[in-house]
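Working notes for the structure below.
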There are 2 protein chains.
Amino acid sequence: MKQTDFVGGFAKGLKVIEAFDAESPRLSIADIAVSTGLDRATARRCLLTLVELGFARYDGKYFELTPKVLRLGHAYLAATPLPRLIQPLLDHLSEDVGQSASASVLEGTEIVYIARASQRRVMSINLVPGSRLPAWCASMGRVLLAALPVSEARAVLERSTIQANTPSTKVSIQALLAELDLVREQGFALVDQELELGLCSMAVPLLDTRGSVVAAVNIGAPAVQMAASEVRARYLAGLRHLQAELRPLMN
Amino acid sequence: MKQTDFVGGFAKGLKVIEAFDAESPRLSIADIAVSTGLDRATARRCLLTLVELGFARYDGKYFELTPKVLRLGHAYLAATPLPRLIQPLLDHLSEDVGQSASASVLEGTEIVYIARASQRRVMSINLVPGSRLPAWCASMGRVLLAALPVSEARAVLERSTIQANTPSTKVSIQALLAELDLVREQGFALVDQELELGLCSMAVPLLDTRGSVVAAVNIGAPAVQMAASEVRARYLAGLRHLQAELRPLMN
DNA sequence: CCCTTAATGTGCGATATATGAACAAATATC
DNA sequence: GATATTTGTTCATATATCGCACATTAAGGG
């Protein structure tokens, strides 16, 4: 790529949008300049541009994003075949088994939810398309990591911030790599309360017609109601069925 | 705003992202140039920038967005207090009544979903935060329009593309304005199969501590199970309760 | 209340970007 | 298979942006 094929102002503006998060929903010009590393003047121009376009509001002191930015994320969901194809299958599966079902893809060290059919909430946090979880401790993350060459999977794990969320959490890279071997061998991942107490989740990979892993799908169940072995017995068939249904549609 | 306080390259790049939608998930450089009105050279530079940043992929012919763009929309959901405050209340309400509950805000002529707790699917389309519906025919849209000065509400209606979705759909601006008067008077909107056959939905406005309408919340029910009058009898109290719970939190 | 410190706004030269035309390459049409 | 048409890429140049330094305003402290 040539130097002239890159629009710096665009890249900087996107960094500004990404600077807004839960810890800092309202940001001043100086805040943005610090967190993005941009010059204050540049940050200010990007912010005023966002305001002008209706993506942000300004009260003279602080900027905040408007719901219009959801348009951008939605452009992906509306435009990409995979989320649209998966959604009805997830709905069906979720209703069949009476538990929440989700689909996600790998993005760096995290999984990104691209579709979800939710039943009663089990997890402490609400998941919607666009939500992210660390790959190493999520069932779909394990499935997606297992699909990578071992060296790449290891590289992702080494870049991840690994910490024990519960007493059961596997935290050593060695243990996680061994787990990925197991996942690869059996064709599914079962995570029993490693992410959150009371949550047991099982995932399988989704393949396209060429056999490449394009996403993962999972079912989450309250661990108080059933043991991990029961989760496997009850939900594996449904997941495999969805896997088989989707495959011919993806090419 | 001064001329120099606007970053053209940023604005053009955002237009490029918005150019992707369900009808055109994969776009060539020329496609983008046409749909955005940008010069082909400029469109190309924006697209290559997106690829460089990981927001898009390029196979040498067509561009498509990657899940990374969900980051942008999610920046709003994570950063804005309203969606985060409403979500647990919606979960609770939804579970109580056994129907889906949602919250949305007005954006031009459309409502944008900012939070949702879904039960079994009633509507034909899947709704997630970021989804949009025309305001004039949705219960939350009616509530949000009713909160505007009449002249503004009329202006929005006149800009809207109004069409009969079902035999019950109110399509005349006059009828819709009368409906808004009723909504304003009774403090809620009840839409009985005007958007989609078999769907009945009721909404109330959400106010902040100063009494301004900041969003709307609704419950959707299958019309085959219950008449509109029953929807009102069963769900109004729950909606009002949520309304009262949220108000002191919004300032 | 004044002084200090920090944050925001502004003008300007250096630098990077947008433009449209020209060319090359690939498709479509006949 | 030759021609027309669309598409992608490159280039020179006019133009807009960037980042710095300075001016201005607001905030905090004694």
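Order of the sequence lines fixes the chain letters, A, B, ..., with proteins taken first and strands second; residue numbering starts at 1 for each chain. Model, not experiment: these values are computed from the prediction.
- Taking only side-chain nitrogens and oxygens, B:Thr42 never comes nearer than 4.0 Å to OP1 or OP2 of C:dT17.
- With sequence neighbours left out, the ring-ring contact (aromatic ring centres under 6.0 Å, His included) criterion links B:Tyr58 to B:Phe63.
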Listing, residues 131-139 of chain A side-chain donor-acceptor contacts under 3.5 Å, not counting sequence neighbours, or none:
unit_1	atom_1	unit_2	atom_2	d
A:Ser131	OG	A:Val128	N	2.9
A:Ser131	OG	A:Val128	O	2.9
A:Arg132	NH1	A:Glu107	OE1	3.2
A:Arg132	NH1	A:Glu110	OE1	3.1
A:Arg132	NH2	A:Glu107	OE1	3.2
A:Trp136	NE1	A:Thr161	O	3.4
A:Ser139	OG	A:Ser201	OG	2.5
A:Ser139	OG	A:Asn218	ND2	3.4

Under 3.5 Å, which donor-acceptor pairs link side chains of residues 73-86 of chain A to any protein atom two or more places apart or in another chain?
unit_1	atom_1	unit_2	atom_2	d
A:Thr80	OG1	A:Tyr76	O	2.8
A:Arg84	NE	A:Ala78	O	3.3

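- If you take CZ of A:Phe10 and C1' of D:dT17, they are 16 Å apart, rounded to a whole angstrom.
- In this entry the distance linking CZ of B:Phe6 with P of C:dA18 reads 12 Å, nearest Å.
- Between the C1' atom of D:dT9 and the CG atom of B:Leu48 lies a distance of 10 Å, rounded to the nearest Å.
- With respect to the salt-bridge test (charged N to carboxylate O, under 4.0 angstrom), the residues A:Asp59 and A:Lys61 do not qualify.
- At a threshold of 4.5 Å between non-hydrogen side-chain atoms, the residues B:Met140 and B:Ser104 count as touching.
- If you check every strand for non-hydrogen atoms under 4.0 Å, A:Tyr58 touches sugar and phosphate atoms only.
- Nearest-nucleotide positions on DNA chain D for A:Lys61 and A:Lys12 put A:Lys12 closer to the 5' end.
- Per the geometry, CG belonging to A:Asp31 stands 14 Å off P belonging to D:dA27, to the nearest Å.
- Going from atom CD1 of A:Ile32 over to atom C1' of C:dG9 covers 17 Å, rounded to whole Å.
- Residues A:Gly8 and A:Ala30 each lie close to DNA chain C; by heavy-atom proximity, the contact nearer the 5' end of the strand is made by A:Ala30.
- A donor-acceptor contact shorter than 3.5 Å is absent between the side chain of B:Thr169 and the backbone of B:Val171.
- The distance from atom CG of A:Asp59 to atom P of D:dA26 is 14 Å, rounded to the nearest whole Å.
- With rounding to whole Å, B:Ile29 atom CD1 is found 8 Å from D:dT9 atom C1'.
- Electrostatic pairing of B:Arg44 and A:Asp5 counts as a salt bridge here, judged by a charged N lying under 4.0 Å from a carboxylate O.
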Look for any protein N or O under 3.5 Å of an N or O in nucleotides 20-23 of chain D and output each such pair with its distance, or none.
unit_1	atom_1	unit_2	atom_2	d
D:dC20	OP2	A:Asp39	OD1	3.3

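- Between B:Arg142 and B:Glu194 there is a salt bridge, with a side-chain nitrogen of the basic residue lying less than 4.0 Å from a carboxylate oxygen of the acidic one.
- Within the helix from C:dC1-D:dG30 to C:dC30-D:dG1, the inter-axis angle between the opening and closing five-pair segments is 50°, rounded to 10°.
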Show me, pair by pair, the donor-acceptor contacts under 3.5 angstrom made by side chains of residues 150-157 of chain B, not counting sequence neighbours?
none

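- The separation between A:Arg44 atom CZ and D:dT17 atom P is 13 Å, rounded to whole Å.
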